[in-house]
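Encoded as structure tokens, the structure appears first; notes follow it.
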Amino acid sequence: MTRFLLSETAPQAPIHILIIPKAKDGLTGLSKAEERHCEILGYLLYTARLVAKQEGLDDGFRIVINDGPKGCQSVYHLHIHLLGGRQMTWPAG
């Protein structure tokens with residue numbers, strides 16, 4: 001059973017993959033998470049690890065979860081951004 005949808009950017013660009021749970025159980029953002037969402041949240045991160053390995057991001061990657069208007073969330077269902085393929089800087093955006 002596929003539990004997540006993946007969305008990729010252009011192959012020449014730095015890696016930016018969205019990982020979206022198919023079953024959201026009403027989870028619109030991280031700040032709305034309840035104990036019943038622990039399985040979804042844990043599996044999201046585990047899936048990110050698997051996808052990062054598949055993409056050859058052995059030297060590191062970044063996970064981003066935007067939450068709420070001030071956190072730049074523009075799509076109101078939980079998803080994570082897997083970023084890699086270049087040196088990340090800090091502070092982020």
Positive for side chain to side chain contact (heavy atoms under 4.5 Å, CB included) with I19, one of L50, L78, L44: L44
I20 CD1 to H77 NE2 distance, which is reported to the nearest 0.5 Å: 5.0 Å
Cluster link I65 to L83, ILVMFWY, side chain under 4.5 Å: no
N66 versus C72, closest heavy-atom pair with distance: ND2-O, 3.7 Å
Which atom of A23 lies closest to which atom of I40, heavy atoms considered: O-CD1, 3.5 Å
I17 versus E55, closest heavy-atom pair with distance: CD1-CG, 3.7 Å
For I63, side chain to side chain contact (heavy atoms under 4.5 Å, CB included) partners two or more places apart: L45, A48, F61, I80, L82
Distance, nearest 0.5 Å, that separates CZ of R49 from CG of L57: 12.5 Å
Within one Ile-Leu-Val-Met-Phe-Trp-Tyr cluster: V64 and M88, side-chain cutoff 4.5 Å: yes
Side-chain (Q73) to main-chain (T28) donor-acceptor, under 3.5 angstrom: yes
Heavy atoms from other residues, nucleotides or ligands near OH of Y46 exceed 12 (cutoff 6.0 Å): no
Partners passing ring pair (Phe, Tyr, Trp, His ring centres under 6.0 Å) against H81 (at least two apart in sequence or in another chain): H16, H79
Nearest non-hydrogen partners of R62 and T89, listed with the distance: NH2-O, 3.1 Å
Distance in Å, D67 CG paired with Y76 OH, rounded so as to fall on 0.5 Å steps: 8.0 Å
Straight-line distance of T47 OG1 to Q54 CD, nearest 0.5 Å: 11.0 Å
